[in-house]
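I have placed the structure first, in the form of structure tokens, so that the comments after it can refer back to it.
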Number of protein chains: 4
Amino acid sequence: MSTDASVKKTSRKGPSRSEESRSAILEATRAELAESGWRTFSVDSVAKRASASKQTIYRWWPSIGAMCVDAALALIPDSPDGGRDPQERIATLIVPLEAAARTGNGHAVLRGALMAAADDQHAGEAWRGWMNRDIRQPMRMVLAELAAKRVIRRDFDLDEVIEQLLGPLWHRICVIRGPVKEGYSMQQARYALRVYSTI
Amino acid sequence: MSTDASVKKTSRKGPSRSEESRSAILEATRAELAESGWRTFSVDSVAKRASASKQTIYRWWPSIGAMCVDAALALIPDSPDGGRDPQERIATLIVPLEAAARTGNGHAVLRGALMAAADDQHAGEAWRGWMNRDIRQPMRMVLAELAAKRVIRRDFDLDEVIEQLLGPLWHRICVIRGPVKEGYSMQQARYALRVYSTI
Amino acid sequence: MSTDASVKKTSRKGPSRSEESRSAILEATRAELAESGWRTFSVDSVAKRASASKQTIYRWWPSIGAMCVDAALALIPDSPDGGRDPQERIATLIVPLEAAARTGNGHAVLRGALMAAADDQHAGEAWRGWMNRDIRQPMRMVLAELAAKRVIRRDFDLDEVIEQLLGPLWHRICVIRGPVKEGYSMQQARYALRVYSTI
Amino acid sequence: MSTDASVKKTSRKGPSRSEESRSAILEATRAELAESGWRTFSVDSVAKRASASKQTIYRWWPSIGAMCVDAALALIPDSPDGGRDPQERIATLIVPLEAAARTGNGHAVLRGALMAAADDQHAGEAWRGWMNRDIRQPMRMVLAELAAKRVIRRDFDLDEVIEQLLGPLWHRICVIRGPVKEGYSMQQARYALRVYSTI
DNA sequence: CATTAAACGAGACGGTACGTCTCGTCTTTGC
DNA sequence: GCAAAGACGAGACGTACCGTCTCGTTTAATG
């Protein structure tokens with residue numbers, strides 16, 4: 001879930017990466033994203049708030065956008081085990097995102113990370129990497145299974161379904177700026193099933 | 001469709017706003033948004049490219065975000081007259097957006113404007129103002145009519161429908177960065193009708 | 001005593017130069033010079049304070065420095081008739097300058113004008129023109145007379161004497177920023193006579 | 001002789017002030033002062049010419065005026081040891097100033113610094129500080145000694161004497177804009193002795 | 001142990017851009 | 001045709017950040 005360069009070559013002279021510093025930076029990133037938005041967000045402020053040196057930031061992240069994505073992904077919990085019925089199985093995949101959006105400043109942090117991913121090369125790769133791992137692949141499995149059971153059409157387009165599922169959430173977070181209500185994921189899953197259902 | 005301060009007090013001493021300068025600035029804004037993205041976008045560059053003074057920009061727009069939104073809205077054509085069948089009537093409302101997204105750099109410009117609207121106070125107001133005028137109100141009429149005819153449920157939530165309709169488009173423009181295909185609006189309208197249909 | 005372009009072609013169609021506007025501008029110039037100093041002094045402020053248009057300023061003065069010199073010269077009264085004894089006759093020439101320096105904001109205005117004259121082509125010409133007319137030429141007469149009477153040496157250097165007489169005043173106005181006391185001119189005249197006296 | 005903030009807290013983390021950058025900035029300041037004068041002098045130009053960042057300038061000097069004063073003071077050599085006779089001892093104090101005024105662009109640089117000192121708070125303090133240290137205090141000693149020997153009057157006013165000595169020099173530099181000839185200091189010292197002599 | 005290499009905080013540096021202010025010119029409207 | 005009003009291109013103001021680069025200090029594995 002992390003995009004930084006910590007490929008830990010464990011045996012090396014000198015001290016290893018300071019976890020303290022890493023988490024302080026991510027925490028500061030979240031706070032600054034919530035206060036400033038993506039465009040006005042500043043590395044200097046993050047460094048100051050985290051009592052970290054800018055060098056430390058640039059050492060471990062390829063760009064500040066990637067750092068923002070990291071900071072956001074840290075808010076997203078792991079998916080619980082999928083439920084029984086189709087709607088629940090689909091919802092399960094996006095429930096962690098919904099959860100993150102409902103934490104304190106999660107709304108703003110997700111917005112920042114999404115914008116970073118749209119603006120910044122590295123951030124975009126980090127974000128799409130996570131999407132592939134945690135959303136796209138699992139979703140493919142679930143949809144394939146549902147298609148096999150004839151619950152949904154067999155010619156679905158995976159990316160289109162994801163677009164239908166996540167688009168509205170992002171719209172709510174970035175444009176409407178309205179709250180993400182309890183059960184939002186279930187509702188989206190229901191809508192998706194309706195759209196792609198065989199009947 | 002404009003958010004600037006040109007409330008033309010027609011009889012006033014001195015020269016009036018230069019239309020030449022205005023359009024050069026908006027054109028430069030679009031070019032820069034396409035080249036640089038929202039975060040790295042710079043007023044200096046726009047001014048230079050438009051052979052305009054920064055003062056002229058700050059005189060007429062409350063913020064550069066608002067200027068970006070203006071530049072994007074200028075790409076969106078007026079809605080044609082609505083068609084006959086329900087799906088077409090809904091699609092008609094978002095067809096201009098689809099059209100804008102398919103012009104030369106429209107994809108990038110819309111992305112920039114959307115991000116500006118998410119980051120910047122004034123830009124947000126300008127964008128939501130346009131949404132209300134050109135999307136929300138017409139949509140309310142169409143949906144009310146469809147509800148009266150029992151084509152869709154009568155307890156629909158206007159904003160939720162808009163979220164379902166536009167969310168995926170934005171997702172495609174900002175995250176997926178994939179092309180918006182011909183007929184996208186019709187497809188989204190069909191999906192929406194399915195979700196909210198009475199059957 | 002004025003350096004502007006008002007070479008009044010007296011019979012001419014249309015309105016002629018507005019004296020009201022002229023004096024308002026010079027008064028505003030003095031006020032701004034006193035408040036802001038030479039470097040921060042601004043034409044816009046003068047125009048605003050004088051309720052005048054910038055165009056009017058640029059129409060009548062070749063540069064803002066020249067305008068500052070004009071504003072200062074307007075503070076300097078005409079020389080009274082020269083006295084009887086040598087010291088008094090010399091002092092008489094610089095008494096108006098001393099007087100100007102002791103009016104309300106005269107200290108600051110003179111400082112501004114002197115700096116304008118040092119920095120600005122036109123202002124320098126205006127200032128030196130005034131110096132020639134009101135200081136240099138009369139002084140040449142007085143000194144020639146005193147030399148003829150053997151009160152001072154006959155090989156005096158006119159400009160050097162003026163330098164000795166005025167230099168300290170300027171130093172006081174610009175650097176020391178101390179008050180110019182009553183009788184300053186007489187004292188300087190006495191010193192000059194001592195320096196150049198035949199004994 | 002420097003007015004900047006380099007109060008060298010010798011043991012500090014991080015890099016220390018770059019001497020290279022400091023001297024490049026002062027050199028560029030001198031060049032720009034000579035080319036542009038005080039009012040049109042621009043920090044941007046200095047930064048560009050010195051290949052320095054504006055931030056570096058603002059980091060180390062409280063104002064650009066103070067920087068100009070620094071740039072000028074760097075031109076003024078140390079006083080040589082005072083001579084034997086009274087005139088020479090006084091002249092010695094202002095000889096370095098005369099020397100500076102005769103270097104390449106020293107004339108213009110001194111003019112700029114003097115104007116900066118007249119316009120700008122910090123520059124004024126810097127200039128008067130230097131005056132106190134390098135002119136006023138030594139002069140006080142010399143004059144006291146001469147007064148004790150009855151060469152000059154015992155009730156001289158220190159500041160007035162300085163005014164008489166330096167005023168003409170400044171006048172020449174700023175207004176007359178004439179060259180400062182070899183021996184100028186000696187001449188001024190002679191004049192001063194005459195003015196304040198006991199006979 | 002002492003050495004040595006990396007990580008860290010602090011922060012100076014050359015730059016770019018910010019949003020504001022001023023310059024000198026130009027244009028429109030009113031007297 | 002003069003004057004007020006004020007828009008305009010140009011560019012400097014002083015500040016904030018960018019990403020890079022020393023500095024000294026701290027920490028941990030190696031010799």
Side-chain angles (χ1 to χ4, degrees), chain A residues 9-18 20-22 39-48 50-60 63-64, chain B residues 10-18 20-22 24 39-48 50-60 63-64, chain C residues 12-18 20-21 39-48 50-60 63-64, chain D residues 11-18 20-22 24 36 39-48 50-60 63-64:
Chain A
K9 291 171 224 150
T10 22
S11 253
R12 196 181 48 1
K13 259 193 202 174
S16 52
R17 176 167 191 186
S18 153
E20 209 167 337
S21 164
R22 193 191 95 100
R39 192 177 212 261
T40 23
F41 174 88
S42 111
V43 182
D44 280 351
S45 303
V46 170
K48 198 163 195 181
S51 290
S53 155
K54 282 200 285 176
Q55 191 61 46
T56 303
I57 291 174
Y58 287 108
R59 186 165 15 235
W60 298 110
S63 75
I64 60 166
Chain B
T10 21
S11 250
R12 196 186 44 10
K13 265 193 203 175
S16 51
R17 178 168 191 183
S18 153
E20 210 168 336
S21 163
R22 194 191 95 99
R39 191 175 214 258
T40 24
F41 173 89
S42 110
V43 183
D44 278 356
S45 305
V46 170
K48 199 164 194 178
S51 290
S53 155
K54 282 201 284 176
Q55 191 60 51
T56 301
I57 291 174
Y58 286 109
R59 194 178 355 249
W60 297 111
S63 74
I64 60 163
Chain C
R12 189 175 40 33
K13 263 201 249 168
S16 53
R17 177 169 190 182
S18 153
E20 210 167 335
S21 167
R39 192 176 212 263
T40 23
F41 173 90
S42 113
V43 183
D44 281 349
S45 305
V46 170
K48 198 164 194 179
S51 290
S53 153
K54 281 199 289 175
Q55 190 60 43
T56 303
I57 291 174
Y58 286 109
R59 195 177 355 249
W60 298 111
S63 76
I64 61 167
Chain D
S11 244
R12 199 198 10 48
K13 267 192 201 176
S16 51
R17 179 169 189 181
S18 154
E20 209 167 337
S21 164
R22 195 192 94 100
S36 302
R39 190 177 214 258
T40 23
F41 172 90
S42 109
V43 183
D44 278 355
S45 305
V46 170
K48 200 163 194 178
S51 291
S53 154
K54 282 201 285 176
Q55 191 61 49
T56 303
I57 291 175
Y58 287 107
R59 194 177 357 247
W60 296 111
S63 73
I64 60 163

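Every chain is numbered from 1 and lettered A, B, ... according to where its sequence line falls, protein lines coming before strand lines. Any value given below was found using the heavy atoms of this structure, including those in side chains, with hydrogens, waters and symmetry copies removed.
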query: Start at the 5' end of DNA chain F and walk down; is the nucleotide closest to Ser18(B) or to Lys54(D) reached first?
result: Ser18(B)
Pairwise 5' ranking along DNA chain F for Asp44(D) and Ser53(D), keeping only the more 5' one: Asp44(D)
Closer than 4.0 Å, any side-chain N/O of [X] to the OP1 or OP2 of [N]?
X	N	value
Arg59(C)	dA3(F)	yes
Ser21(B)	dA7(F)	no
Trp60(B)	dC8(F)	yes
Arg12(B)	dT28(E)	no
Ser42(B)	dT16(E)	no
Ser16(A)	dA6(E)	no

task: Kindly say whether, by distance alone, the side chain of Gln55(A) makes a donor-acceptor pair under 3.5 Å with the base of dC21(F)?
output: yes
Taking every non-hydrogen atom, the tightest pair across Ala50(D) and Ala24(D): CB-O, 3.5 Å
query: For the residue pair Ala47(A) and Lys54(A), what are the closest heavy atoms and their distance?
result: CB-CG, 4.0 Å
message: How long is the straight-line distance from CZ of Arg59(A) back to OG of Ser53(A), given to the nearest 0.5 Å?
response: 7.0 Å
- request: Compare all side-chain heavy atoms of Arg22(A) with those of Trp60(A) and state whether any distance is below 4.5 angstrom.
  value: no
Listed nucleotide nearest any side-chain atom of [X], set [options]:
X	options	value
Pro15(D)	dG11(E), dT15(F), dC13(E)	dG11(E)
Tyr58(C)	dC18(E), dG19(F), dC23(E)	dC23(E)
Lys13(B)	dG9(F), dA16(F), dA4(F)	dA4(F)

Interatomic distance where [atom1] belongs to [X] and [atom2] belongs to [N] [whole Å]:
X	N	atom1	atom2	result
Arg17(B)	dC8(F)	CZ	P	7 Å
Ile57(B)	dC18(E)	CD1	C1'	12 Å
Arg39(C)	dC21(E)	CZ	P	17 Å
Lys48(A)	dC18(F)	NZ	P	13 Å

message: Regarding Ala52(A), tell me which of base, sugar-phosphate or nothing describes its non-hydrogen contacts under 4.0 Å with the strands shown.
response: sugar-phosphate
- prompt: Hey, does Ser51(A) reach any base, or is it just sugar-phosphate, or nothing, if we go heavy atoms under 4.0 Å?
  reply: sugar-phosphate
- request: Specify the residue among Ala50(D) and Phe41(B) whose closest nucleotide of DNA chain E lies further upstream toward the 5′ end.
  value: Ala50(D)
